[in-house]
Number of protein chains: 4
Amino acid sequence: MPATSSPRRRPHSGSRRDEAARLAVLHAADDLLAEHGFGALTIEAIARRAGVAKQTIYRWWPSKVEILLDTLIEDSEKRFPVPVEKPTAESIRGYLHGFARFLSHDPAGKVLLALIAEAQHDPGTAKSFHERYLGPRRAQERDMLAQAIEAGEVSPELAPDATMDALVGPIVYRALTGTSIPPGLIDTLIEVLLTPRSKHP
Amino acid sequence: MPATSSPRRRPHSGSRRDEAARLAVLHAADDLLAEHGFGALTIEAIARRAGVAKQTIYRWWPSKVEILLDTLIEDSEKRFPVPVEKPTAESIRGYLHGFARFLSHDPAGKVLLALIAEAQHDPGTAKSFHERYLGPRRAQERDMLAQAIEAGEVSPELAPDATMDALVGPIVYRALTGTSIPPGLIDTLIEVLLTPRSKHP
Amino acid sequence: MPATSSPRRRPHSGSRRDEAARLAVLHAADDLLAEHGFGALTIEAIARRAGVAKQTIYRWWPSKVEILLDTLIEDSEKRFPVPVEKPTAESIRGYLHGFARFLSHDPAGKVLLALIAEAQHDPGTAKSFHERYLGPRRAQERDMLAQAIEAGEVSPELAPDATMDALVGPIVYRALTGTSIPPGLIDTLIEVLLTPRSKHP
Amino acid sequence: MPATSSPRRRPHSGSRRDEAARLAVLHAADDLLAEHGFGALTIEAIARRAGVAKQTIYRWWPSKVEILLDTLIEDSEKRFPVPVEKPTAESIRGYLHGFARFLSHDPAGKVLLALIAEAQHDPGTAKSFHERYLGPRRAQERDMLAQAIEAGEVSPELAPDATMDALVGPIVYRALTGTSIPPGLIDTLIEVLLTPRSKHP
DNA sequence: TTCTAATCGAGACGGTACGTCACGTCTTACG
DNA sequence: CGTAAGACGTGACGTACCGTCTCGATTAGAA
């Protein structure tokens, strides 16, 4: 006995993809993660919460990880975009502080932590996560660094990737271990890793 | 008629805890994680592999996380103990290199990554992981730093915890993202974070 | 979150098969068929109604058809056993009337009709149905006929199987087409098929 | 440039019903039933096989049962029409043999068995099946019998419907149980059910 | 000739049931 | 008692069809 009784629901849109369903899924996934944690983030729960059929989710997303990636990519660009337009030492500092704030205080930051975690458990997640998030983001960061170096804004001791990991790693590690970022940590990291030694007092 | 023994594989031992069963569980968990990843690490699979009843696992371990913690604690102490006896700048460097090697090249290192990951998904895991592993270890590291400072071996710019996170964070982050630690990264981190500025050339 | 909340249910019996669960499944299947028809006879519905896990059903029955067969075999023997002990013309007549009554008026008769039906749709059902029900039953009927012939009680014109089908076929066909068995039909069939021609008036 | 025709398989015909689609559905249903059994006879499979949209099926047929009925009615009339024009004992015998052949050896006979079966599972099917097939057919058979009686061709002991069921029942029952009709069965049934007793030797 | 209406293929949609897997709890029988 | 074995209720998995719906293209017959 399929969809016999229907008082009035969202009339779906026919043979083209239903944008309302897409957004409902994204928000349901976000909300469930924030409210009840990754353990409650099952496809069935997302479908239930979004008022959507499971098949609709499987039709458009290969796994729940891709749902999270969709929201993360959008949120990251909105909340802490990489300053690729004429980056300065100051804008790089702002970027890292923004990143730290996102991870520590923004509910959406849990999505990034959950994806890092899930990537440890599942190779497919690791692949998607690198290709769709870490890779593109790191490319922008390299670009940012290169321009800042050329403009004489910064002068790192390490290669670009190592520099970024040395900056970002401690922030991520603090978030993963559930501790807050102590004041001064980011600024000190920037000073010792990006500032030419001669500028040390 | 002495050696009538064993169509039964391992005759169980009666009313005291069976050490053979304990070890079989630990090794089965380790092996499964190494061979098939965290996804294959189910209680049923561990029991199957160890030739043990599920109930025996549930009797002694509250969750599979505790099994992993048991092996991790033992392996960490064996593979890269914190140099708390008269630590020098050199022994600290050795400790960090040991840590990096454990994470990158030792199969047992996967256990640590898996626990960091699982702690993101489940608050109970996070609690156990901190209380049984991260906390004690960090206490030793603080001790190590304090002694090294007092001995004039190092002179960090940041507070002890921040210093350790700044050193350890990049290593962990590299491992979590599946990339190798570039040569020079650890040494540079030590130099800029632990060495008094006057000793910079 | 598995079986956390349990006020008080049927305490199951451990590592031996739970007879209460077995009976609950059998009765649930019977009731669902009688009340809502074969369309409502899903494994999920049976499990729900019986208060039993789906897995428990799959553990013991390869398909819902075998559940129905279990009940049918038991009911048939109880409601209209084949008169194999010294059958007479009269007891054979009673047997056929009993069969007709079972098909037409007994709710359990629906099970037989449903199995005949399902056997048309699925070869596996056909196989089980023949091996577990039709075959054994027919063997008894052949036995009944043979003894009755030897005793001079009946004297059929057709071979045993053909005789039984000629007697049983019209009854089953009436039931399948949802019409009642008209009075006199069975007696006339017996007269013309089992009685020697010379005894026709 | 005349025969530029058809990368498009079947260009549909506009605002009137597409006869080609109708036939494609009928044949697809028949073929699927014959090749893979009733279990494979889903609306989606029919649509797929016929190269037709599901909606086109739902527009013209209330259910897959009606599709089968459409083919059955046509095939029955073609393969074994009821001899209503001056029926004789001989033409009635021929009709029953034709019916038996249809059920046992004609692939289209599976359709009738499938409908008898489905009628047990679903009341709607039962209703349609009686109104569109069994009822009209039985009316013709009654007519046939009445004429044959009036002409002195036959002289049944039972009422017309009972007579027909007594003749047809064994044939159907044999088919339903997947056994062949033994030679002599039909002729004997006719003899004992339709022939006046005085004509028995 | 242009407009209107019905039909067609395609396929997205909210659902239900499928059969499988692992969960954590339990009971049994053995040593 | 601890153990191996495994049945149990629960619930998520990913798949198949259900019957409804909306689309854009196609093709009549009416205006």
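Here is how names work: the chains are called A, B, and so on, in the same order as the sequence lines, proteins then strands, and each is numbered from 1. Worth knowing before you read on, the calculation uses all heavy atoms, side chains too, and leaves out hydrogens, waters and symmetry mates.
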Rounded to the Å, how far apart are [X] [atom1] and [N] [atom2]?
X: Arg49(C); N: dG9(F); atom1: CZ; atom2: P; value: 17 Å
X: Ile57(A); N: dA12(F); atom1: CD1; atom2: C1'; value: 13 Å
X: Leu23(B); N: dT3(F); atom1: CG; atom2: P; value: 12 Å
X: Tyr58(B); N: dA7(F); atom1: OH; atom2: C1'; value: 15 Å
X: Phe38(B); N: dA22(E); atom1: CZ; atom2: C1'; value: 13 Å
X: Arg17(C); N: dG9(F); atom1: CZ; atom2: P; value: 12 Å
X: Trp61(B); N: dC23(E); atom1: CH2; atom2: P; value: 15 Å
X: Ile46(A); N: dA12(F); atom1: CD1; atom2: P; value: 12 Å

message = On DNA chain E, does the nearest nucleotide to Ala53(A) precede the nearest nucleotide to Leu41(B) from the 5' side, or the other way round? Give the residue.
response = Ala53(A)
Phosphate OP1/OP2 of [N]: any [X] side-chain N/O under 4.0 Å:
X: Thr56(D); N: dG9(E); value: yes
X: Trp60(B); N: dT3(F); value: yes
X: Arg22(A); N: dA12(E); value: no
X: Arg16(C); N: dG6(F); value: no

message = Reading DNA chain F from 5' onward, which residue's closest nucleotide shows up sooner: Pro62(A) or Ala45(D)?
response =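 So the residue in question is Pro62(A).
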inquiry  = What's the separation between atom CG in Leu41(B) and atom CD1 in Ile46(B), rounded to the nearest 0.5 Å?
reply    = 4.0 Å
query = Judged by atom type as modelled, is there a donor-acceptor pair below 3.5 Å linking the side chain of Thr71(C) to the main-chain atoms of Leu68(C)?
reply = yes
task = Taking atom NZ of Lys64(D) as the centre, report whether more than 12 heavy atoms of other residues, nucleotides or ligands fall under 6.0 Å from it.
result =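 Yes - once you tally the heavy atoms of other residues, nucleotides and ligands closer than 6.0 Å, there are more than 12.
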Check: Arg17(C) and Arg59(C) side chains under 4.5 Å, non-hydrogen atoms = no
request  = Look at the side chain of Lys54(D) and the base of dG19(F), then say whether one donor and one acceptor between them are separated by less than 3.5 Å.
outcome  =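 Such a pair is found, so the answer is yes.
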query = Is it true that the NZ or CZ of Arg22(B) lies under 6.0 Å from the centre of Trp60(B)'s six-membered ring and within 45 degrees of the ring axis?
reply = no
inquiry  = What's the closest nucleotide to the side chain of Glu44(C) if the choices are dC13(E), dG19(E), dC17(F)?
reply    = dG19(E)
ask   = Any idea which of dC26(E), dA17(E), dT3(F) is nearest the Gln55(B) side chain?
value =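 The listed nucleotide nearest to Gln55(B)'s side chain is dC26(E).
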